[in-house]
Amino acid sequence: MPLTQAELNEIKERAEKATSCPWQVASTTDGEYIIDCDEWVVAATFERKEDAYFVAHAREDIPRLVAEVERLRDVISRCECAFCSDELGDDWRLVSGLVVCEECEGIYGGDNE
């Protein structure tokens, strides 16, 4: 299912509310910890180092991914509908792999790609 704007906004809000500075992995005898730039523990005791690095990088990765989705949505919204050639705007859909406006989706039927 495509990511809705509301879902994207929720992800963005969660990322904005999280500790804002970069996170790092700190290895201890108990496992891996995630710490912020002030060395406060964000999350503790990961059994797998790979999981700890995934979470630590999420602090920077998620905002970058959200920004890229927003950038791509903006680019698509300025493109033309594959069927009627009108500008797509914010209400575009995919029909058989083609980007179409909401009106043409009603005519040709969407496949929710």
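Predicted model, so just to flag it, every value in this text is computed and none were measured.
Within the model, atoms CG of Leu94 and CG of Leu98 stand 8.5 Å from one another, a figure rounded to the nearest 0.5 Å. Remark: Asp90 CG to Cys101 SG distance equals 13.0 Å, nearest 0.5 Å. Between the SG atom in Cys81 and the CD atom in Glu105 there is a gap of 10.5 Å [rounded to 0.5 Å]. In this structure, Glu16 CD and Asn9 CG are separated by 9.5 Å, a value rounded to the nearest 0.5 Å. Going from atom CD of Glu7 over to atom CD of Gln5 covers 10.0 Å, rounded to the nearest 0.5 Å.
Using a 4.5 Å heavy-atom cutoff, the side chains of Trp40 and Ile35 are not in contact. The closest side-chain heavy-atom distance from Glu68 to Arg64 is not below 4.5 Å. Contact check for Trp92 versus Ile76: side-chain heavy atoms found under the 4.5 Å cut-off. Considering only heavy atoms from C-beta on, Asp86 stays 4.5 Å or farther from Glu80 through its side chain. Taking the side chain as every heavy atom from C-beta outward, Cys84 and Glu103 never approach each other to under 4.5 Å. Considering only heavy atoms from C-beta on, Ile11 comes within 4.5 Å of Leu3 through its side chain. The shortest side-chain heavy-atom distance between Glu32 and Arg48 does not fall under the 4.5 Å cut-off. Contact check for Glu39 versus Gln24: no side-chain heavy atoms found under the 4.5 Å cut-off.
Note: the hydrophobic cluster containing Phe54 also contains Ile34 (ILVMFWY, side chain heavy atoms under 4.5 Å, direct or indirect links). Criterion: ILVMFWY side-chain heavy atoms under 4.5 Å apart, direct or through other members. Under it, Val55 and Tyr33 are not part of a common hydrophobic cluster.
Salt-bridge check for Arg78 with Glu87: failed, with every basic side-chain N at 4.0 Å or more from each acidic carboxylate O. Between Glu13 and Lys17, at least one side-chain N (NZ, or NE/NH1/NH2) sits under 4.0 Å from a carboxylate O, which counts as a salt bridge.
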Legend entry - Candidate pair Phe46 and Val25, rule side chain to side chain contact (heavy atoms under 4.5 Å, CB included), full reasoning: CA-CA 10 Å; Phe46 286 84; Val25 176; over 6 Å; no
Inset, instruction - Test Arg73 against Val69 for side chain to side chain contact (heavy atoms under 4.5 Å, CB included), laying out the working first. - result: CA-CA 6 Å; Arg73 284 185 174 184; Val69 168; 3.8 Å; yes
Legend entry - Steps toward disulfide (SG to SG under 2.5 Å) verdict (Cys21, Cys37): CA-CA 6 Å; Cys21 63; Cys37 58; 2.3 Å; yes
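Surrounding CD of Glu50 are more than 12 heavy atoms belonging to other residues, nucleotides or ligands, all under 6.0 Å away.
Here the shortest heavy-atom pairing between Ala56 and Trp23 reads O-CB, 3.7 Å. Contact between Ala44 and Val41 at its shortest, heavy atoms only, is CB-CG1, 4.0 Å.
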